[in-house]
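Scroll down for the structure; my scribbles are underneath it.
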Amino acid sequence: MEEKVQQITAWLQEKVKEAHVDGLLVGVSGGIDSAVVANLIKRAFPDRSLGVIMPCKSQSEDQEHARLVVEACDLPALTVDLTETHNVMFTNIQTQLESAGQLNEDQLKLADANLRARLRMSTLYTIATNHKYLVVGTDNAAEWYTGYFTKFGDGGVDLVPLANLTKGEVREMAEYLGVPDEVVHKQPSAGLWEGQTDENEMGTSYAMIDRHLKGEEIPEEDRQIIEAMHKRSAHKRQLPPAPPQ
């Protein structure tokens, strides 16, 4: 595990050098993936790394866990509350759609959640520009393969250091790095709405996705769910297409 950590740390340092910037930042959500990235960027740039906590209709537990993470790895942190910004923007958009008779209420919950993710990424890039830092993403191999991230939200980043690690490997790395137990063992959730969990929303478990990515046999129902998510989300892993010349 130390070798894996050193390899990723060296890679992060190399990417900063290639981009001619000064350091790295990450949005710290209170979840295990961002906790691992917070530790990695602190190791890569002890004096030029930053964690950004961005509550936006967030659970109080998530904010507490985010603070625990940055304190445990001694990462400088900045908090930007986006709740009011989101409320103003989403209400304005919703009002205009209603006035035009175009509001699709079935999509409101998803539109609300995706706007939060994209506001957070806009915030990270604004702060990154101020510091001349790169924005580091937190998606692991399971999320990357299934497309379980918001396009141009948490998927809109400069680097994805965990993209080759299964969820299980991220958890092992978190334990090795000393991430607080409350974060390591909490139920994975994007915190999109009350009671939301990743696995309930996906219809399968991270354990099944990890096994599938390793080439192991899994129940056919889970395999079909995973492959369907992978196919539907192909556009998220590609640059915007252009017509042929």
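The side chain to side chain contact (heavy atoms under 4.5 Å, CB included) test with Met1 is passed by exactly one of Gln6, Glu172, Glu169: Glu172.
In this structure, the side chains of Ile226 and Ile218 come closer than 4.5 Å at one or more pairs of heavy atoms.
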- Take Leu82 and Arg116, measure what side chain to side chain contact (heavy atoms under 4.5 Å, CB included) needs, and give me the verdict at the end. CA-CA 8 Å; Leu82 297 173; Arg116 275 180 272 161; over 6 Å; no
- Message: Walk me through whether Asp139 and Val157 qualify under side chain to side chain contact (heavy atoms under 4.5 Å, CB included).
- Response: CA-CA 10 Å; Asp139 292 317; Val157 295; 5.9 Å; no
- Full working for side chain to side chain contact (heavy atoms under 4.5 Å, CB included) between His86 and Leu115: CA-CA 7 Å; His86 174 272; Leu115 179 59; 3.8 Å; yes
- Working for side chain to side chain contact (heavy atoms under 4.5 Å, CB included), residues Leu162 and Leu40: CA-CA 10 Å; Leu162 306 185; Leu40 292 171; 4.0 Å; yes
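Shown here is Glu84, whose CD atom has no more than 12 heavy atoms of other residues, nucleotides or ligands within 6.0 Å. Summarising the local packing, CG of Asn164 is surrounded by 12 or fewer heavy atoms from other residues, nucleotides or ligands at distances under 6.0 Å. The number of heavy-atom neighbours closer than 6.0 Å to CE of Met89, taken from other residues, nucleotides and ligands shown, is 12 or below. Environment of CD in Glu227: crowded, with over 12 heavy atoms of neighbouring residues, nucleotides or ligands closer than 6.0 Å. Summarising the local packing, CD of Glu220 is surrounded by more than 12 heavy atoms from other residues, nucleotides or ligands at distances under 6.0 Å. Gln238 CD: more than 12 foreign heavy atoms inside a 6.0 Å radius.
Counting only distance, with no hydrogens or angles, the side chain of Arg223 and the backbone of Met208 share no donor-acceptor pair below 3.5 Å. Put simply, the side chain of Lys186 gets close to the backbone of Gly30: a donor and an acceptor are under 3.5 Å apart. The main-chain N or O of Thr138 is never found under 3.5 Å from a side-chain atom of Ser34 such that the two would form a donor-acceptor pair. In this structure a side-chain-to-backbone donor-acceptor pair under 3.5 Å is missing from Glu98 to Leu103. Proximity of a side-chain donor or acceptor of Asn130 to a complementary backbone N or O of Thr126 within less than 3.5 Å is not detected. Between the side chain of Ser233 and the main chain of His230, a donor-acceptor pair closer than 3.5 Å is present. With Thr150 contributing its side chain and Asn114 its backbone, the two residues share no donor-acceptor pair below 3.5 Å. Without hydrogens or angle criteria, Arg211 side chain to Glu216 main chain gives no donor-acceptor distance under 3.5 Å. Remark: the backbone N or O of Gly27 is not paired with any side-chain donor or acceptor of Arg120 at under 3.5 angstrom. Counting only distance, with no hydrogens or angles, the side chain of Arg237 and the backbone of Tyr145 share a donor-acceptor pair below 3.5 Å.
Phe45 and Leu12 get closest at one heavy-atom pair: CE1-O, 4.0 Å. The nearest pair of heavy atoms linking Leu24 to Val16 is CD2-CG2, 3.4 Å. Here the shortest heavy-atom pairing between Val37 and Val26 reads CG1-CG2, 3.6 Å. Closest approach of Val184 and Ala174 over heavy atoms only: CG2-CB, 4.0 Å. A pairwise comparison of heavy atoms in Lys42 and Cys73 identifies CG-O, 3.4 Å as the closest pair.
A donor-acceptor contact closer than 3.5 angstrom is absent between the side chains of Tyr148 and Asn140.
Using the six-membered ring where Trp is involved, Phe149 and Trp144 have ring planes that are parallel, under 30° apart on the 30 and 60° scheme. Between Tyr133 and His131, the angle of the ring planes lies from 30° to 60°, which puts this pair in the tilted group.
Lys17 has no carboxylate O lying under 4.0 Å from a charged side-chain N of Glu14, or vice versa, which leaves the two without a salt bridge. Salt-bridge check for Lys15 with Glu18: passed, with a basic side-chain N closer than 4.0 Å to an acidic carboxylate O. Ion pairing of Lys214 with Asp210 is absent here, as no side-chain N (NZ or NE/NH1/NH2) approaches a carboxylate O to less than 4.0 Å.
Here the CG atom belonging to Leu134 is positioned 9.5 Å from the CG atom belonging to Asp22, to the nearest 0.5 angstrom. Between the CG atom in Leu78 and the CE atom in Met54 there is a gap of 9.5 Å [rounded to 0.5 Å].
Evaluation of the side-chain hydrogen bond (donor to acceptor under 3.5 Å, both in side chains) rule for Lys236 yields no partner, not counting sequence neighbours.
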